[in-house]
Amino acid sequence: MHPLSYIPTGLLTLFLAWYLLPLTSATSYFVINTPANGIQWSNNAINPITWTKGLLDGVTTVDVELARLSTDGLIFVAKDVSTPLSTGSLNIFLQDVPTGDDYYLLFLNSTHGVMYGASQRFAISDSGNGTAPTPAAGAPTVTVSGGPNPTVGFATIFPPSANGVSAMRAVDGARMQLWAVASVVAVCMFGGAWTVL
Ligand SMILES: *[C@@H]1O[C@H](CO)[C@@H](O)[C@H](O)[C@H]1NC(C)=O
Ligand SMILES: *[C@@H]1O[C@H](CO)[C@@H](O)[C@H](O)[C@H]1NC(C)=O
């Protein structure tokens, strides 16, 4: 008999969940609302990204990348995008980006690779089919040219923002644990969604 089989399954699950926490505590809640399934972005046009996130999650900047299912290589869209509020938006002007219907937007910290969120699958064409929402008012516009090129780096790097990051970290322990538990659930759901794609 395997030694682990003496441990009740519930306890083992709990242990594994806590074991995962340090890796996932930053990824509490981050949903990319636009683009989503059925949206077609267009080259030579401004296409909006909008998101909703946990206000007290401590994630005040993110890096944005474009990925495709069928092709290797990432398009580095923007680094250090400021995300201090629970909602935000960014406009993307596309130029000569390869067309396809298997694009995803990734929100992550590219320094240590922690993923905060991914969009649903969407399409990019040369002349959009009218499904892309109008550009987000007041949001910065980033220009993205061409396909994946590992030597190019991020199209835009935003300057450090002046908002107080450290204040976010002072959230009391109990609340942090709640966030952490929620994030394990979120990560499990995300993992599940990833496998069915
Ligand atoms: C527009 O393109 C998207 C993605 O390819 C597709 O899902 C959607 O059905 C298209 N809409 C129209 C009106 O053709
Ligand atoms: C990624 O994490 C590093 C180390 O924690 C931090 O210095 C950097 O600002 C983060 N980048 C973003 C985009 O949040």
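When reading the values below, keep in mind they use all heavy atoms of this one structure, side chains included, and skip hydrogens, waters and symmetry mates. As the structure lists them, so they are numbered: ligands from 1, and atoms in each ligand from 1. Along the sequence shown, residues carry numbers from 1. Predicted, not measured: the structure shown is a model, and the values here were computed from it.
- Of all atoms in ligand 2, listed by their number and element, those nearer than 4.0 Å to a heavy atom of Asn109 are 1 (C), 2 (O), 3 (C), 8 (C), 10 (C), 11 (N), 12 (C), 14 (O).
- In terms of protein heavy-atom proximity, atom 1 (C) of ligand 1 is closest to Asn129 ND2, 1.5 Å.
- Judged by distance alone, the side chains of Asn43 and Ser125 never bring a donor and an acceptor atom under 3.5 Å apart.
- When only modelled atom types and interatomic distance are considered, Ser82 and Thr61 share no side-chain donor-acceptor pair under 3.5 Å.
- No part of Asp101 comes within 4.0 Å of ligand 1, judged by heavy-atom distances.
- Shortest contact from atom 4 (C) of ligand 2 to any protein heavy atom: His112 CD2, 3.9 Å.
- Listed by first and then second residue, the side-chain hydrogen bond (donor to acceptor under 3.5 Å, both in side chains) pairs involving residues 84-95 are Gln95-Ser145 (not counting sequence neighbours).
- Protein non-hydrogen atoms do reach within 4.0 Å of atom 14 (O) of ligand 1.
- Using modelled atom types, one finds a donor on one side chain and an acceptor on the other under 3.5 Å when comparing Asp102 with Ser70.
- The nearest protein atom to atom 7 (O) of ligand 1, hydrogens excluded, is given as Gly38 CA, 3.4 Å; this is a heavy-atom distance.
- Atoms of ligand 1 found under 4.0 Å from any heavy atom of Ala123 (numbered from 1 in listed order, with element): 4 (C), 5 (O).
- For Asp72, the CG atom is loosely surrounded, since the number of other residues' heavy atoms within 6.0 Å does not exceed 12.
- Between Tyr116 and Phe30, the two ring planes are parallel [angle under 30°; tilted spans 30° to 60°].
- Note that atom 9 (O) of ligand 2 has no protein non-hydrogen atoms nearby, at separations under 4.0 angstrom.
- At a heavy-atom distance under 4.0 Å, atoms from both the backbone and the side chain of Thr61 approach ligand 2.
- Applying the 4.0 Å criterion to heavy atoms of Asp63 picks out, from ligand 2, the atoms 13 (C).
- Tyr104 pairs in a side chain to side chain contact (heavy atoms under 4.5 Å, CB included) with only one of the listed residues (Arg68, Arg121, Glu65), which is Arg121.
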